[in-house]
Amino acid sequence: MSSPYDPKAIEAKWQDRWEKQRVAEVDLRNAAGKYYMLMMFPYPSGDRLHVGHGRNYILGDALFRYLRMHGHKALNPMGWDAFGLPAENAAIERGVHPRDWTWGNIRVMKEQFRRWGILYDWSKEIASCTPEYYRWNQWLFLRMFERGLAYKKKAPVNWCPSCQTVLANEQVVEGACERCGTPVVQRDLEQWFWRITAYAERLLSGLDDLPGWPERVKVMQRNWIGRSAGAEIDFAIPALGQTVTVFTTRPDTVHGATFMVLAPEHPLAAGLIAQHPRRAEIESWIERVRNTPRIQREGEGSPKEGWDTGRRAINPATGEEIAVWLANYVLPDYGSGAIMAVPAHDARDLELARQEGLPVRLVYHPEGGPEGPDGPEAPEDIAEADPALLREPILHEGVIRNAPPFDGLRDEPETVRRFIAWIEENGWGRGTVTYRLRDWLISRQRYWGTPIPVLYCERCGTVPVPDDQLPVELPYEVELTGRQGNPLSRVRSFVEAPCPRCGGAARRETDTMDTFVDSSWYYLRYLSPRDATRMFDSALANRWAPVDQYIGGIEHAILHLLYARFVCRVLHDFGMVGFEEPFTNLFNQGMITRYSEKSGRVEKMSKSRGNTVSPDELIDQMGADTERVYTLFIGPPEREAEWSDEAVTGAYRFLGRVWRMAEKLSDAPPTAPADGELERERHAAIQRVTQSMERFHFHTAVAALMELGNALSRALEEKTASRLRCDETFDTLLQLLHPMAPHISEELWERRGHVETLLDSSWPEHDEAKLRRERISVVVQIDGKLRDRVEVDAGASENEVRATALASPKVREHLAGQEVAKAVVVPGRLINLVTRRSA
RNA sequence: GCGAAAGUGGCGGAAUUGGUAUACGCGCUAGACUUAGGAUCUAGUCCCGAGAAAUCGGGUUGGGGGUUCGAGUCCCCCCUUUCGCACCA
């Protein structure tokens with residue numbers, strides 16, 4: 001009768017059954033009740049299949065099964081974020097077409113999901129590389145183009161020399177390409193942008209309405225948007241008859257602006273140096289600065305380099321002439337690309353001023369602080385003696401002097417407001433807000449992406465592709481060599497097309513879209529994946545979305561998650577959805593790490609680091625259930641967790657014990673005295689597992705299951721519980737175990753003669769009354785120190801507890817005749833006897 | 001530098017609200033069974049001291065101080081680690 005635990009056979013059986021019966025499918029139109037949506041949109045890159053990556057899928061599946069057992073109509077769709085550079089690079093390296101390579105990887109990943117026992121609603125499957133999907137990227141582009149939200153401009157952009165394409169600001173991490181790590185250089189190119197900056201304020205304020213998002217993600221987005229309020233002030237350059245507008249957050253320091261600085265890339269720079277005797281030198285310096293990698297130029301320690309243009313501007317507040325400089329520390333794409341330099345109150349300006357001998361003038365003067373006997377020491381003292389000797393800028397202290405009518409004001413927001421009003425009254429400038437956020441650069445000079453639906457006609461100029469000519473299909477025949485330039489531009493049959501307006505010869509745009517466009521709205525397409533008439537079904541979207549629970553890694557904190565929030569607002573403004581935030585609750589699972597022989601360190605699991613664990617081997621040896629249980633047990637899911645090959649056996653042993661327990665149930669006696677104890681443990685386990693699942697604390701849920709298993713084992717061993725009680729307890733164990741270990745739990749459940757599957761059964765509920773004991777153990781403390789435990793009736797009064805405690809011989813001994821001044825009783829838990837000493 | 005999170009046995013970690021610190025698992029120790037296997041089962045395992053033993057006493061949540069009858073949990077100072085931001089005017 002006894003059969004050993006053989007995960008292979010039972011897992012294959014159930015995976016087959018789930019697949020054939022398509023158990024995860026949801027009829028969106030007819031489903032009712034509370035809805036959840038758990039989604040993923042993985043990139044089928046072929047080298048992502050290791051246990052580290054399984055974590056969020058396993059987590060999502062456990063949650064999905066848990067919700068199903070609660071009777072929720074949970075939707076768990078899966079699709080493929082299939083465009084992207086790795087496919088193109090693989091094509092260049094191995095000579096496989098990106099499309100074939102991608103579909104091959106999708107097949108492999110689907111098989112992996114099946115072997116993990118993960119349920120997806122494959123009737124909703126989408127892939128972004130199909131014309132049926134990407135035509136709606138194009139459709140969306142055209143709608144944005146019509147409203148000026150998509151536009152083309154020539155601008156300095158980030159260029160990755162290795163990927164041979166431009167990158168969005170969000171894809172540049174510490175000055176390097178997010179994907180390949182190559183330092184990014186600046187290039188002046190004509191590119192397509194999406195006007196995300198028009199939504200900066202709404203994207204920022206919307207974060208306050210996302211209580212279900214981790215704080216750190218919201219902070220990262222706030223930093224990225226980088227709102228700063230201040231003023232624009234116009235500085236005239238009389239000799240040229242021009243005006244340079246600067247942006248400052250500190251208009252209250254305008255009296256201290258002793259020179260001004262423009263970015264070397266500033267449009268007026270060339271005019272300013274046109275007559276300069278060393279013009280050629282300055283021009284080659286500008287060229288050098290322009291080609292400096294961002295990380296070098298923007299690093300805080302980078303040396304300041306600048307040139308005096310020889311031109312003079314007028315400080316409107318003082319009427320004085322000030323020098324106009326060009327310097328590398330002023331960036332062309334923030335504010336207006338020009339600043340008023342206030343060295344007394346800004347570290348960077350002070351550094352340049354000291355280096356170049358430029359004047360320093362205080363606006364805020366430190367109070368008090370007369371010179372010491374040894375001359376000026378503190379920065380404030382130096383400032384009073386001679387501002388030019390200042391070593392540190394003065395921040396947030398002192399009062400304004402020599403700037404009537406503001407003398408005596410302190411550094412506080414009200415002062416800034418008064419200055420802005422004054423500047424506006426005099427017509428020198430205006431209060432304004434700027435953002436660090438730049439428009440989203442969506443063009444890519446690559447083949448494997450969504451063609452941008454635009455043509456260039458000699459006569460008509462830039463012409464959008466009419467809707468009825470969508471999709472603009474990506475040609476299959478293409479030569480991918482890795483040579484310079486976009487492969488698409490060499491496909492003549494694609495490039496040459498008639499102008500939709502005049503019918504004359506035109507050229508197609510050969511740039512393709514950033515893949516983050518695909519993932520910015522995919523969650524809506526899941527709801528009507530085959531609809532050929534529209535982007536998505538708004539009625540269904542408003543019923544199911546926003547997404548109740550989103551699970552993903554932290555790496556998307558400002559990329560995908562910012563773009564998706566932006567596009568959601570655009571769709572909202574188009575009247576296509578009734579909400580502005582796409583994801584109500586966000587959960588970031590931590591990575592799985594493992595010791596790497598190569599580096600001798602514990603690192604993120606990845607093929608390149610050679611520290612992966614193959615799920616296939618693990619499943620062959622111990623089964624998918626073991627991998628699932630261990631992955632959930634390894635630690636809090638929001639934190640990183642280190643994979644331990646040895647610790648996996650703990651999960652395997654646990655499942656083996658459960659398996660063998662099923663066969664021992666028949667040995668239980670018909671009646672037993674301690675039935676109530678096991679019943680109490682059963683209800684306690686239900687409560688603990690449920691509470692843990694609600695908080696995503698799968699690791700403590702598994703621990704609670706192990707405890708219930710241990711309790712039942714003990715009862716069976718010692719024959720302290722009846723057959724009926726043991727059966728019932730075991731059934732509960734299987735129910736609670738199902739989200740984590742679906743195969744073994746279904747198999748044992750079926751063998752026990754249940755007709756309905758666990759997935760269709762309901763989640764057990766605990767009974768508060770069953771958790772109570774008749775006699776409870778109460779801890780006795782004396783002055784906060786644990787001295788004894790006494791048994792009392794569950795309903796004992798404070799006085800009874802006190803009397804019992806005082807009667808204990810141990811307590812008497814410790815009291816040693818001291819008076820009890822006070823007794824604190826925590827019902828059902830403890831009594832603390834306080835002696836006079838500490839009262 | 002600024003901001004955030006964290007610091008608990010040999011290890012991963014547990015402890016919604018202040019109320020028995022170290023659950024659960026790994027590892028380790030001893031034993032049982034044994035066609036000797038990386039299987040299974042049983043017992044033990046925070047530290048120090050006493051005891052043949054059951055047990056008893058003391059200490060312990062990075063360090064120091066505070067609030068409280070009572071602090072891993074709350075407050076203040078310090079140390080360490082991780083993450084995010086960082087010439088953004």
Side-chain angles (χ1 to χ4, degrees), chain A residues 4 174 214-220 222-224 226-228 230 246-250 253 260-261 263 297-304 327-331 333-342 345-349 351-352 434-437 554 557-558 621 629-630 633-636 638-654 656-657 660 688 691-692 694-695 697 699-707 709-710 713 717 777-789 810 814 821-835 838-839:
Chain A
E174 292 183 359
E215 200 52 41
R216 62 175 175 153
V217 173
K218 291 191 275 188
V219 167
M220 282 165 80
R222 278 190 201 108
N223 286 341
W224 188 259
R227 180 187 201 273
S228 26
V246 305
F247 172 75
T248 177
T249 54
R250 299 303 304 270
T253 61
M260 65 181 298
V261 187
R297 175 160 173 196
E298 295 181 19
E300 202 166 355
S302 304
K304 309 254 171 312
N328 61 346
Y329 73 95
V330 175
L331 305 172
D333 56 359
Y334 183 77
S336 57
I339 60 160
M340 60 176 203
V342 186
H345 304 295
D346 182 282
R348 297 151 300 175
D349 297 342
E351 192 183 334
L352 189 71
T434 60
Y435 300 90
R436 209 180 76 115
L437 183 69
I554 188 74
I558 44 181
Q621 279 171 24
V629 169
Y630 178 65
F633 188 58
I634 191 167
E638 68 274 14
R639 285 227 291 269
E640 273 188 7
E642 189 187 338
W643 186 270
S644 152
D645 299 299
E646 290 169 329
V648 183
T649 57
Y652 183 68
R653 281 179 202 157
F654 168 60
R657 268 201 304 278
R660 287 185 297 276
R688 278 192 61 195
Q691 283 174 357
S692 294
E694 293 292 331
R695 291 199 296 154
H697 281 199
H699 61 306
T700 50
V702 173
L705 285 174
M706 288 172 166
E707 282 181 274
N710 292 345
S713 274
E717 194 66 34
S777 168
V778 168
V779 166
V780 184
Q781 296 180 338
I782 293 172
D783 295 324
K785 281 198 174 167
L786 175 71
R787 290 306 181 196
D788 197 10
R789 298 180 174 84
K810 271 193 206 165
H814 278 282
K822 185 170 148 191
V824 181
V825 178
V826 181
R829 279 185 181 273
L830 62 73
I831 174 166
N832 189 10
L833 303 171
V834 186
T835 64
S838 55

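Each chain gets a letter, A, B and so on, in the order the sequences are listed, and its residues count up from 1.
- Searching all strands for a Watson-Crick or G-U wobble partner of B:C46 with both distances below 3.5 Å returns B:G59.
- One interatomic measurement links the two molecules: CZ of A:Arg657 to P of B:C26, which rounds to 7 Å at whole-angstrom precision.
- Comparing the same atom, P, in B:G70 and in B:A15 gives a spacing of 26 Å after rounding to whole Å.
- OP1 or OP2 of B:G59 has at least one side-chain nitrogen or oxygen of A:Lys785 nearer than 4.0 Å.
- Only the C1' atoms considered, B:G62 is 10 Å distant from B:U8, to the nearest whole Å.
- Base orientation of B:G49: anti, since the glycosidic angle falls outside 90° of 0.
- The base of B:U20 has none of its N or O atoms less than 3.5 Å from a complementary donor or acceptor on the side chain of A:Arg829.
- Atom CD in A:Glu215 sits about 10 Å away from atom P in B:A4, given to the nearest Å.
- Among the protein residues, A:Leu830 comes within range of the nucleic acid bases, having at least one heavy atom under 4.0 Å from a base atom.
- Looking at heavy atoms from C-beta onward, A:Val702 lies out of side-chain contact with A:Tyr630 at the 4.5 angstrom threshold.
- B:C2 and B:U67 have their C1' atoms separated by 30 Å, with the value rounded to a whole Å.
- To the nearest whole angstrom, the two P atoms, one in B:C74 and one in B:G57, are 31 Å apart.
- Nucleotides B:G25 and B:C41 place their P atoms 11 Å apart, quoted to the nearest Å.
- Comparing B:C24 with B:G44, their P atoms sit 12 Å apart, to the nearest whole Å.
- Taking a 6.0 Å sphere around CZ of A:Arg829, one finds it holds 12 or fewer heavy atoms contributed by other residues, nucleotides or ligands.
- Rounded to an integer number of Å, the gap from CG of A:Asp783 to C1' of B:U68 is 13 Å.
- In this structure, the side chain of A:Asn832 engages the main chain of A:Gly784 through a donor-acceptor pair within 3.5 Å.
- The partner of B:G84, taking Watson-Crick or G-U wobble pairs whose two distances both stay under 3.5 Å, is B:C2.
- An OP1 or OP2 oxygen of B:C26 is reached within less than 4.0 angstrom by a side-chain nitrogen or oxygen of A:Arg653.
- Mapped onto RNA chain B by nearest heavy atom, A:Gly650 and A:Arg216 fall at different nucleotides, with A:Gly650 at the one closer to the 5' end.
- Dashed line: the shortest gap from a side-chain N or O of A:Arg436 to OP1 or OP2 of B:A86 is under 4.0 Å.
- For the C1' atom pair drawn from B:A52 and B:G9, the interatomic distance equals 28 Å after rounding to whole Å.
- If you check B:U73 for Watson-Crick or wobble pairing at under 3.5 angstrom, you find it has no partner at all.
- Dashed line: the shortest gap from a side-chain N or O of A:Asn832 to OP1 or OP2 of B:U68 is not under 4.0 Å.
- Using N1 to N3 plus N6-O4 or O6-N4 for Watson-Crick, or N1-O2 and O6-N3 for G-U wobble, each under 3.5 Å, B:C33 pairs with nothing.
- Considering every non-hydrogen atom in both A:Val330 and A:Gly337, the closest pair reads CG1-O, 3.6 Å.
- Between A:Arg216 and A:Ile554 the shortest side-chain heavy-atom distance falls below 4.5 Å.
- Contact of A:Asn223 with B:C85 (side chain to base): no donor-acceptor pair of N or O atoms is detected under 3.5 Å.
- The C1' atoms of B:C46 and B:G27 are separated by 15 Å, rounded to the nearest whole Å.
- Across the protein-nucleic acid pair, A:Arg227 atom CZ and B:C88 atom C1' stand 15 Å apart, rounded to whole Å.
- Judged by distance alone with a 3.5 Å cut-off, no donor-acceptor contact links the side chain of A:Glu717 to the base of B:U42.
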